[in-house]
Amino acid sequence: MHQYRSHTCGALRDTDNGSQVKLSGWVHRKRDHGNLVFIDLRDHYGITQCVIENTDPNFKVIEHVRPETVLCLDGEVVLRDAEAINENLPTGKIEIKISKAEVLSESDVLPILVASDEKFPEDLRIKHRYIDLRREKLQSNIKMRDQITRFIRQQMWGQEFNEISTPMLTSSSPEGARDFVVPSRHAHGGFYALPQSPQQFKQLLMIGGFDKYFQIAPCFRDEDLRADRLLVHYQLDVEMSFVERDDVMNTMEKVLYSVYDKFKGDRKIDSNIPRIPYSEAMETYGIDRPDLRNPLLIKDVSESFKDSGFGLFAGLVAKGFHVKAIATPGTADRPRSFYDKLNDWARSEGAGGLGYIIFGTDGEAKGPIAKNLDADRIAAIKEISGANDGDSVFFVCDKLHDAQKFAGKVRIKLGQELDLIDPNEFKFCWVIDFPFYEVNDEGKLDFGHNPFSAPRGGLAAFEEQDPLKIFSEQYDFICNGFELGGGSIRNSNPKVMLKAFEKVGYGEDVVKQKFGALYEAFQYGAPPHGGMGCGLERTVMLLTGEPNLREVEAFPLNGRGQDLMMNAPAELSEEQLRELHIKVRPTHKS
Ligand code: ASP
């Protein structure tokens, strides 16, 4: 027989009754029933109950073992008595009568428990991740991640994409985050950057004659940490040559939809995947990644407040502000506290408050705003917002973009408060037609997404259009309010590239310095190309139902970007620093 096992701990069934077997695994639970001791032995595949009498000579071997000790047990498969059958366990009809026991590796007292639903502090879990990984939830999350990755690869290979690895030690490739840098020992004062994405390499692969590339690529982004951000994430990274926008979108929509369809379990999935222009997304949902499970819609009712008796809004509308309205069905009979709570929330978000009109079931419009509006205006608001008797309508008034954004937050808040969002459903959409440029916080023209996207209309667009009216060939794929991925048809014409940078105040020198290889490559025959990057962890997170990306990562950093298990980041020795020609500055005390 094999030294460690004839079967895994998930394999044996009642049909194996009478077989002599050998199992190895961890002591999941040990139960002492007087003259009998039960050991639930666990491995990656399952749990098998093993039993020994305290008079058996082997009993001494396991008498004092702690949970999570690794044992190798020989024995005979026997059927359990009818009342001892465990229907929840695939091996629940049998047990092993232990005839030989060996301790392969002892466990000390555990810092976190495995056979328990108890919650442990995240830092403790991360420090002892190898124990945490044994717990059922993490085992299943990481297995699910493997299944999803495998399925994605099969989809891509099935469509003749080539999987190609791109370099990790490279130069900066901006995706809007800071770079992680690696000092070079050989080049005095030189630094590599870890790639924020394989963007430039995948474009260079297209120029290098490949037609369909993909990779499940690590992306390193030194960002401020939040529950929905990782310093390193993996993405399904894709690029295709001689394609139009719809080619990439159709290809990737099929792949992403099929992943959710395969792993959705008993959750619902909507196969209707609308393509929503950015301006419409902002107008109707107040966000560029709308959660379409939320049925509430934002409407513009500025006209109804223009020159109206409600002086506050009338004055602001006269200044060019907009009033946005959200009708909420069946809320008219909510107590006053419902409105007060929402008002307090709006203030905590920095707004002046949240105005509303309540349409009673008798059709009467109530509230301070309604008192100051004439009947025609109230009727118009009711109609535009889509409200009925028994509903209430909430208002936001601000400059257009701010009004849209805050109305977007109100829509989400109301959706949650009114329990309108089905947690067991996946709804997707694309957002398209993003503006190529935006005005940044300093009031300067800047790229709306990344500088790799093509402007719609090419060179002529810059000559004929207001820069803020130019569309980018960018598209984002959204699920339940999360951005699952984004990409674009690339700006592969060097003249267009120069013009695009010129508008934001950069000359050829900056283009050459920042995107030298790509810019040069564009001079030697570049096929039109486009692609996309889709975050893997976010999809695994949504499919496992986890609230935090770190729960789908085998070895995550903690919320402060530390690896407490391996002790990183750590200081370097003086010798290492010297080799790297680095002197660490003391912390600046302010
Ligand atoms: N490089 C982009 C990103 O990482 C994806 C793409 O445009 O293909 O977000």
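A quick note: this is a predicted structure, and the numbers were derived from the prediction, not measured. Every number for a ligand or one of its atoms is a count from 1 in the order of the listing.
Remark: the Y260 side chain and the T539 side chain contain an N/O donor-acceptor pair separated by less than 3.5 Å.
Ring geometry for F501 against Y506 counts as tilted: the plane angle lies between 30° and 60°, on a 0 to 90° scale. Ring-plane geometry between F428 and F426 is classed as parallel, the angle between the planes falling under 30 degrees on a 0 to 90 degree scale with a further cut at 60.
Classification of R245 and D433 as a salt-bridged pair holds, one side-chain N sitting under 4.0 Å from a carboxylate O.
Residues lining ligand 1 at a heavy-atom distance below 4.0 Å are given as E175, S197, Q199, K202, R221, Q235, G486, G487, R490, G531, M532, G533, ordered by chain and residue number.
Taking the six-membered ring where the residue is Trp, the centroids of F406 and W345 are separated by under 6.0 Å.
Residue pairs meeting the ring pair (Phe, Tyr, Trp, His ring centres under 6.0 Å) criterion with at least one member in residues 268-296, sequence neighbours excluded, are Y278-F434.
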